[in-house]
Amino acid sequence: MALIVQKYGGTSVGTPARIQRVADRVARERRAGHELVVVVSAMADTTDELLALAERISAEPRRRHPRELDMLLTAGERIAMALLAMAIRDRDVEAISLTGSQAAIITDNVHTGARIEEVRATRVREELKRGRVVIVAGFQGVSREREVTTLGRGGSDTTAVALAAALGAERCDIFTDVDGVYTADPRRVPSARRIPLIDFQEMVELATSGAQVLHPRAVEIGARFHVPIRVLSSFRDDDGGGTLITRKEHGMEHLALTGLASESGHVRLVLRGLPVGMGATAEVLTRLADAGVSVDIVEQADRADGRRQLQITVREDALAEAKQICERLIADLEGERLEVQPGLARIALVGSGMHDRPGVYAQIFRALIAAGIEVHALSASAISIAVLVDAEREQEALRVLHHAFGLGEEQP
Ligand code: ASP
Ligand code: MG
C-alpha cells in the first residue's frame with residue numbers, strides 16, 4: 001500500500017462542482033488501497049480577493065500588518081480543505097482536514113514569505129493510521145513562536161512536496177489546470193509539446209525562469225529528498241501521462257535543450273567609465289547585496305582608454321534602489337555615467353544535454369539575428385543559457401528559439 005501525496009491547485013477546487021470531482025478522484029484512489037494525503041490551495045481567486053480586501057482596509061498591509069495578513073490569507077485554504085473533507089466523507093470515505101499548524105509544518109517567522117524548517121506531521125501520521133484521508137491546507141505553517149505564517153504566493157506546491165518528503169511518500173502528484181510541463185508556454189508558442197520526463201535541476205531552472213506551472217521551492221525540495229513529482233491535469237479522466245520530474249539517468253538526453261521559459265520586467269544598468277580593477281565591481285555588488293537587491297547577469301569589459309564598463313541586470317521592482325546605488329557609486333569612484341535600459345525580457349534555454357555540446361551559442365545567435373532580435377545580455381550555467389531581449393520581441397524570440405532547436409518536433 002503506497003502513500004501518495006496529492007495537491008490540487010486553486011482552479012481544480014475553484015467551484016463546488018470541481019470540489020466534487022476532486023472528491024471522486026480521491027475516493028477512487030483511496031478505494032484502490034492507497035494511503036492519501038491531499039494538499040489544497042484556496043478556491044480560484046480567493047487569495048487575490050482576500051489581499052484586495054485587506055488593501056481596502058489598510059494601505060500596504062504586507063508591510064504594515066504582515067502577521068494579520070497571514071491570519072487572513074490562511075483562511076482561503078481552510079475553506080477549501082473543509083469543503084473537500086465534507087465531499088469525501090459524503091462518499092463514505094473517512095477524511096479529516098488539518099491546518100498547516102495542526103499538521104505541524106514548522107516555518108521561520110518571516111510573514112508572507114516563510115520557509116519551511118521542519119515537518120513534524122505527527123497528527124498527519126496518526127490520522128493516516130486511523131485509515132483516514134488527511135487533507136492539509138497548503139501554503140501555510142506555524143513558527144516556533146506559534147505564529148501562523150504563509151509561504152509566499154503559489155506556496156501550496158511546496159507544502160505538498162515537503163509533506164511527501166517528511167512522510168516518505170512514494171511520490172507527489174500535483175494536479176493543476178494544465179496537463180504537464182511544456183517545452184514552452186503553449187499560449188505563446190503553439191507548437192510547444194508536453195515534456196514526459198524532466199530532471200529536477202532542469203525543472204528548477206524552468207520554474208525560477210518564469211515557467212508558472214510549479215513553485216520553484218517545491219522542486220528544490222523534491223530534488224533534495226528525491227521525491228518524484230508528477231504534474232497532471234485535474235480536468236482529464238485519463239491523466240494524459242503528465243510530466244514526471246525525477247532524477248534523469250545519464251544518456252537519456254537526446255536533445256541539447258529540454259525547454260524554454262521567459263519573464264519580462266528585467267532592466268539593464270550600464271555603469272560607464274569606472275576605474276579598472278576588481279575593486280569597483282566588488283563595491284557595486286556589495287552595495288546592491290546590502291540593500292537586498294538581487295543581481296542576475298554581471299558582465300564587465302575593459303576599454304582601450306583604461307577605464308572599465310560594468311553591466312548588470314536586475315528585476316524592475318528593484319530598479320529604483322539599484323539606480324540610486326549605482327549613481328552614488330559612480331560619483332564616489334569618479335566614473336562617467338549610468339545608462340538604464342528598462343523593458344527587457346529574460347529568456348532561459350534549459351537543458352542538461354547542452355553541457356559540453358559545441359555550437360549552442362552559435363545556434364541561438366544565428367536564430368535571433370535572422371529574426372532581427374538583438375541580445376542585450378547573456379549568462380550561462382551548466383544547464384541553462386539566458387538571453388535578454390526587448391520585451392516586445394519576447395514571444396517572437398521564444399518561437400524562433402523553439403523552432404531553431406527542434407523542440408516542437410516528435411522525439412525518438
Ligand atoms: N492560495 C495561495 C496563492 O494563491 C497559495 C497557492 O495557491 O499555492 O498564492
Ligand atoms: Mg491560488
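None of the values given here were measured: they were computed from a predicted structure. Counting starts at 1 for both ligands and their atoms, following the listed order.
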Atoms in ligand 1 flagged as close to R153, the criterion being non-hydrogen separation under 4.0 Å: 3 (C), 4 (O), 9 (O)
State whether the shortest distance between N or O atoms of G154 and N or O atoms of ligand 1 falls below 3.5 angstrom. yes
Of E77, K7, M43, the residue with the heavy atom nearest atom 1 (N) of ligand 1 is E77
Give every donor-acceptor pair under 3.5 Å between a side-chain atom in residues 156-163 and any protein atom, sequence neighbours left out.
from : atom 1 : to   : atom 2 : distance (Å)
S156 : OG     : S41  : OG     : 3.2
D157 : OD1    : K7   : NZ     : 2.8
D157 : OD2    : H215 : N      : 3.0
T158 : OG1    : H215 : ND1    : 2.6
T158 : OG1    : A218 : N      : 3.3
T159 : OG1    : F139 : N      : 2.8
T159 : OG1    : G155 : O      : 3.4

Check: S156 N/O within less than 3.5 Å of ligand 1 N/O: yes
Looking at E299 and R268, is any side-chain nitrogen of the basic one under 4.0 Å from a carboxylate oxygen of the acidic one? no
Looking only at heavy atoms of G155, does any of them come nearer than 4.0 Å to an atom of ligand 1? yes
Side chains of S191 and H403, donor plus acceptor under 3.5 Å: no
What about S41: any of its N or O atoms under 3.5 Å from an N or O on ligand 1? yes
Check this for me: R272, atom CZ, are more than 12 non-hydrogen atoms of other residues, nucleotides or ligands nearer than 6.0 Å? yes
So for H215, does at least one of its heavy atoms come nearer than 4.0 angstrom to any atom of ligand 1? no
Please set out all donor-acceptor pairs under 3.5 angstrom arising from side-chain atoms of residues 367-376, sequence neighbours excluded.
from : atom 1 : to   : atom 2 : distance (Å)
H376 : ND1    : Q341 : NE2    : 3.4
H376 : NE2    : D390 : OD1    : 3.1

Does ligand 1 have any atom that is closer than 4.0 Å to a heavy atom of G10? no
In terms of side-chain heavy atoms, does D70 have a donor or acceptor partner in T150 at a distance below 3.5 Å? yes
